[in-house]
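Below: one structure, written as structure tokens.
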Amino acid sequence: MDFKLTEEHIMIRDAARDFARNELLPGVIERDEKQEFPSEQIKKMGELGFLGMMASPEFGGGGMDTISYILAMEEISKIDASASVVMSVNNSLVCWGIDTYGSQEQKKKYLSKLTTGEKLGAFCLSEPEAGSDATSQRTTAIDKGDHYLLNGTKNWITNGNSADYYIVIAQTDREKKHKGINAFIVEKGVEGFEIGPKEQKMGIRGSDTHSLNFNDVKVPKENRIGEDGFGFKFAMKTLSGGRIGIAAQALGIASGAYELALDYSKQRKAFGTEICNHQAIAFKLADMYTSIEASRHLVMKAAWEKDQGANYDLSGAMAKVYASKTAMDVTTEAVQVHGGNGYVKEYHVERLMRDAKITQIYEGTSEIQKIVISRGILRD
Ligand code: COS
């Protein structure tokens, strides 16, 4: 067993760290306040290869392993979780999904633009009545011979307006239940595809979240991903990997807040000494650091299993549920360490605390992860 990162891993982590500090930190508070999408920064992330890290080099991807991806995710998330969710959806849901299950034509036409950031992707599974209960898809895709006719509504879609290509999950044959579900690539701007208003969110406010409406949208048959009826498995497999990315995001939010709290505790004085010299604060730092390290091991293990070609459903779910709880706990304590300063925007920790919450909700709530984990351990 070797816990050491390779030189290449360290290089990627440091490049992501530099990018986050130099390009994402300036303006992060203002973007959060105004709910402003980091367009320029995302474009640069594409140019630097952060948007298609694991995808095949043949289609513009970085061909890197999952460990590299989560190291970069952690660094970006420490500073700007809004940018990291854009990165996560594009890398683990959209690029990975098309690279792994798409046709050569789909890879040429769509993947090669998504990996470079020329185009951005979105993943559309959730509906007004189907978030956790993902098999209950109300959106329909009726087979019309050379195309499908798509009708329905998708909710809480990350990159809702900023995306160009949307992977949409829909029911083709209701009688077949989850075996009658398909996944499609839908292009922005096609007739009948409407983007709803932007959601006003608690956290990750720089990313844009919208509902989407599909009214008789014609989707060419060649835009279906995989065989007829593969859509639910596609969504589950893709989300399994996505959960490792979100776990890395949670890890980054937690470690970002911890680093700020540590620095602050060494500067702020109370009762004649720096507050880190008070056990009340030192023990908080000890707990924060321990839970971050435990989260890091779970996230790394899940990423490693994915890289080994092993099944990572369980390890990804464990990593997400644990790291997202750690993100909530650590950011809350980081605000506490900062006292009154923690409650104001310029110290960053209040934003990280608001950003942390979503990691317990999206790409499968913590309760869904516990279904996956408990079923896994009871089955084995
Ligand atoms: N990989 C491959 N296949 C999977 C899978 C996975 N990780 N998880 C489930 N499946 C398959 C099952 O094998 C089953 O197929 P078969 O009938 O061919 O065996 C099928 O999917 C249905 O599985 P199951 O009966 O377990 O479905 P449930 O309705 O009980 O739901 C959960 C399973 C709850 C795990 C699933 O609905 C889920 O993950 N929900 C959350 C979705 C989500 O993350 N939403 C957030 C939106 S994206 S931001």
Side-chain angles (χ1 to χ4, degrees), residues 81-82 84-94 96-97 100-101 121-139 152-160 163 166-183 199 201 203-204 207-212 225-247 249-250 302 305-306 309-321 324 357-380:
S82 296
S84 76
V85 69
V86 177
M87 173 176 167
S88 159
V89 167
N90 204 70
N91 272 284
S92 26
L93 299 186
V94 182
W96 188 86
T100 310
Y101 299 111
F123 187 85
C124 316
L125 173 72
S126 294
E127 299 188 352
E129 290 174 66
S132 293
D133 183 9
T135 55
S136 297
Q137 293 290 307
R138 295 271 172 94
T139 299
T153 301
K154 294 289 173 184
N155 269 29
W156 311 292
I157 303 303
T158 303
N159 300 343
Y166 299 76
I167 295 183
V168 182
I169 313 295
Q171 188 83 47
T172 296
D173 187 341
R174 202 164 293 288
E175 296 213 330
K176 290 189 185 158
K177 299 187 176 158
H178 67 270
K179 292 192 165 84
I181 290 176
N182 279 310
E199 300 289 356
K201 292 180 298 185
I204 55 162
S207 77
D208 68 315
T209 305
H210 295 255
S211 59
L212 308 174
I225 301 176
E227 293 295 307
D228 184 28
F230 180 63
F232 191 71
K233 289 239 159 128
F234 169 82
M236 290 296 108
K237 287 308 296 172
T238 307
L239 278 169
S240 267
R243 288 165 186 168
I244 305 176
I246 298 303
Q249 181 188 43
E305 282 187 355
K306 184 161 178 281
N311 187 308
Y312 51 90
D313 295 341
L314 206 71
S315 56
M318 288 193 292
K320 183 176 184 288
V321 79
S324 60
K357 185 61 203 168
I358 192 63
T359 63
Q360 294 186 302
I361 299 174
Y362 59 19
E363 297 199 22
T365 60
S366 294
E367 291 73 16
I368 286 292
Q369 307 313 323
K370 288 179 193 178
I371 292 179
V372 174
I373 298 163
S374 58
R375 282 183 184 175
I377 52 182
L378 290 169
R379 193 174 46 228
D380 291 344

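Start at 1 with the first residue, then count along the sequence. We use all heavy atoms of the structure for the numbers below, so side chains are in, but hydrogens, waters and symmetry mates are not. Atoms within a ligand are numbered from 1 in the order they appear, just like the ligands themselves.
- Summary of contacts: the protein heavy atom closest to atom 33 (C) of ligand 1 is Arg375 NH1, 3.8 Å.
- With contacts defined as side-chain heavy-atom distances shorter than 4.5 Å, the pair Lys201/Ser207 qualifies.
- Contact annotation: the side chain of Ile181 approaches that of Gln171 to within less than 4.5 Å [non-hydrogen atoms, C-beta and beyond].
- Side-chain atoms of Ser315 and Glu305, non-hydrogen and from C-beta on, do get closer than 4.5 Å to each other.
- Nearest protein neighbour of atom 12 (C) of ligand 1, counting heavy atoms only, is Lys233 CE, 4.3 Å.
- In terms of polar-atom proximity, defined here as any N/O pair under 3.5 Å, Arg243 does make such a contact with ligand 1.
- Contact of the Tyr166 side chain with the Lys154 side chain is not registered, since no non-hydrogen atoms from C-beta on lie closer than 4.5 Å.
- Nearest protein heavy-atom neighbour of atom 17 (O) of ligand 1: His178 NE2, 2.8 Å.
- Atoms of ligand 1 lying under 4.0 Å from at least one heavy atom of Asp313, given by number and element, are 6 (C), 7 (N).
- Protein heavy atom nearest atom 6 (C) of ligand 1, with residue, atom name and distance: Met236 CB, 3.5 Å.
- The protein atom (non-hydrogen) at minimum distance from atom 49 (S) of ligand 1 is Glu363 N, 3.2 Å.
- Atoms of ligand 1 found under 4.0 Å from any heavy atom of Ser240, numbered from 1 in the order shown, are 7 (N).
- Contact atoms of ligand 1 toward Leu239: 43 (C), 44 (O), 48 (S) (distance under 4.0 Å to a heavy atom of the residue).
- Ranking protein heavy atoms by distance to atom 2 (C) of ligand 1, first place goes to Lys237 CD, 3.5 Å.
- Residue-ligand proximity, Thr135 to ligand 1, at heavy-atom distances under 4.0 Å covers atoms 29 (O).
- With a 4.5 Å cut-off on side-chain heavy atoms, Leu125 and Gln137 count as touching.
- Of all the heavy atoms of Phe232, the ones lying under 4.0 Å from any atom of ligand 1 belong exclusively to the side chain.
- The shortest side-chain heavy-atom distance between Asn159 and Val86 falls under the 4.5 Å cut-off.
- Looking from atom 34 (C) of ligand 1 to the surrounding protein, the closest heavy atom is Ile368 CD1, 3.8 Å.
- When only interatomic distances are considered, the shortest N/O to N/O separation between Ser132 and ligand 1 falls below 3.5 Å.
- Of the residues Leu93, Val372, Asp313, the one that meets the side-chain contact (heavy atoms from CB on, under 4.5 Å) test with Leu239 is Leu93.
- Protein heavy atoms are found inside the 4.0 Å sphere centred on atom 29 (O) of ligand 1.
- At a threshold of 4.5 Å between non-hydrogen side-chain atoms, the residues Ile368 and Arg243 count as touching.
- Side-chain polar atoms of Thr359 and Gln249 form no donor-acceptor pair below 3.5 angstrom.
- Of all the atoms in ligand 1, the ones that sit under 4.0 Å from a non-hydrogen atom of Lys179 are 16 (P), 17 (O), 18 (O).
- The side-chain tip of Lys176 does not point at the ring of Phe230 from less than 6.0 angstrom away and within 45° of straight on.
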Check against side chain to side chain contact (heavy atoms under 4.5 Å, CB included), Ser88 and Glu363: CA-CA 11 Å; Ser88 159; Glu363 297 199 22; 4.1 Å; yes
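- No hydrogens or angles considered: nothing links the side chains of Lys306 and Ser240 as a donor-acceptor pair under 3.5 Å.
- When only interatomic distances are considered, the shortest N/O to N/O separation between Ile371 and ligand 1 does not fall below 3.5 Å.
- Protein heavy atom closest to atom 45 (N) of ligand 1, with residue, atom name and distance, is Gly131 O, 3.1 Å.
- Among the atoms of Ser126, none of the N or O lies under 3.5 angstrom from an N or O of ligand 1.
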